[in-house]
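Here is the naming used below: chain letters follow the sequence lines, and residue numbers restart at 1 for every chain.
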Amino acid sequence: MRIGELSRRTGVSERALRYYEEQGLLRPERRPSGYRVYRDVDVAAVRRIRVLLTAGLSTAQIVEVLPCMVDDDDLLAPICPELVDELVKQRDRIGAAIDELAATRANLDTIIANERRAS
DNA sequence: CTTCTTACA
DNA sequence: TGTAAGAA
C-alpha cells in the first residue's frame, strides 16, 4: 500500500508517516516512481509507535526500544530486561516533571491569592 | 487523482 | 505538524 492508504488505516497524517521514516521508525520500500510502499505489518508498527509516543518517549528512544517489544494482543509488552530499566527511568522523569509543574502551580496560586483591590 | 520534496506570514 | 508550491 502507498502512504495515503496507510494514513487512512492508521489515522496518522502522511506528514507524520514521512517523519517517522526520517527518524528511522519505518523503512518502506520505494517504487521506481519514488512512491513509498508499505506492508500490512506497518499498520501495526505505526500503532506501536503511536503508543510509545503517547507514553512520552522520543522518536530516538522508540528506535532503540521498538525491537525489544512484542505485540501482546492489543497491548505492548517489553521483552528485554534492560528495556524495562529504561522505561522505569522514563517513568521517573515524568514523575519529576509532574512535581515541578505542581510547584510552579503552587507559586501561581500564591500570587493569585495575593490579589488586592485597587484603592 | 496521488505522491514527492522543500520550505515557512 | 500543517500546508503551499512545483514537478512527476
Asks: Considering non-hydrogen atoms only, spot the tightest contact between A/Tyr38 and A/Arg2 and give its length.
Replies: CD1-C, 4.0 Å
Asks: For A/Arg93, is the CZ atom crowded, meaning more than 12 foreign heavy atoms sit under 6.0 Å from it?
Replies: yes
Asks: Would you list the atom pairs, donor with acceptor, under 3.5 Å between side chains in residues 24-31 of chain A and any protein atom, with sequence neighbours excluded?
Replies:
unit_1: A/Arg30; atom_1: NH1; unit_2: A/Gly34; atom_2: O; d: 2.9

Asks: To the nearest 0.5 Å, what is the distance between CG (A/Leu17) and CD1 (A/Ile49)?
Replies: 8.5 Å
Asks: Expected output is a numbered-order residue list: members of residues 53-65 of chain A with a heavy atom under 4.0 Å from any atom of DNA chain C. What is it?
Replies: none
Asks: Can you name the residues that form a side-chain contact (heavy atoms from CB on, under 4.5 Å) with A/Ser13, not counting sequence neighbours?
Replies: A/Arg15, A/Ala16
Asks: Could you check whether any side-chain heavy atom of A/Thr59 comes within less than 4.5 Å of a side-chain heavy atom of A/Leu52, counting everything from C-beta outward?
Replies: no
Asks: When you compare the side chain of A/Glu22 with that of A/Arg18, does any pair of heavy atoms fall below 4.5 Å?
Replies: no
Asks: Once rounded to the nearest 0.5 Å, what's the spacing between atom CD1 of A/Ile94 and atom CG of A/Leu57?
Replies: 7.5 Å
Asks: Let me know the distance between CD of A/Glu22 and C1' of B/dC4, rounded to the nearest Å.
Replies: 13 Å
Asks: Are side-chain heavy atoms of A/Tyr20 and A/Asp42 found at a separation under 4.5 Å?
Replies: no
Asks: Tell me the stems DNA chain C sits in, counting at least three consecutive Watson-Crick or G-U wobble pairs, each under 3.5 Å on both distances.
Replies: B:2-8 with C:2-8
Asks: Locate the shortest heavy-atom distance separating A/Leu76 from A/Arg48; write the atom from each residue and the value.
Replies: CD2-CG, 3.3 Å
Asks: Is there a path of hydrophobic side-chain contacts, each under 4.5 Å between heavy atoms of I/L/V/M/F/W/Y residues, joining A/Val12 to A/Tyr35?
Replies: no
Asks: List in numerical order all residues of residues 4-15 of chain A for which some heavy atom is under 4.0 Å away from an atom belonging to DNA chain C.
Replies: A/Ser13, A/Arg15
Asks: Take atom OH of A/Tyr19 and atom C1' of B/dA7, then tell me their distance rounded to the nearest Å.
Replies: 16 Å
Asks: Atom CZ of A/Arg18 to atom P of B/dT3: distance rounded to whole Å?
Replies: 8 Å
Asks: Kindly state which residues belonging to residues 33-52 of chain A come within less than 4.0 angstrom of DNA chain C, counting heavy atoms of the residue only, listed by number.
Replies: A/Tyr35, A/Arg50
Asks: Report which part of the nucleic acid A/Arg31 touches: base, sugar-phosphate, or nothing (heavy-atom distance under 4.0 Å, all strands).
Replies: nothing
Asks: Answer yes or no: is there a side-chain heavy-atom contact under 4.5 Å between A/Thr54 and A/Arg50?
Replies: yes
Asks: Within the 3.5 Å criterion, strictly below it, is a donor on A/Gln61 or A/Glu86 matched to an acceptor on the partner's side chain?
Replies: no
Asks: Specify the separation, in whole Å, of atom CD1 of A/Ile3 and atom C1' of C/dG2.
Replies: 14 Å
Asks: Between atom CZ in A/Arg30 and atom P in B/dT2, what is the gap in whole Å?
Replies: 19 Å
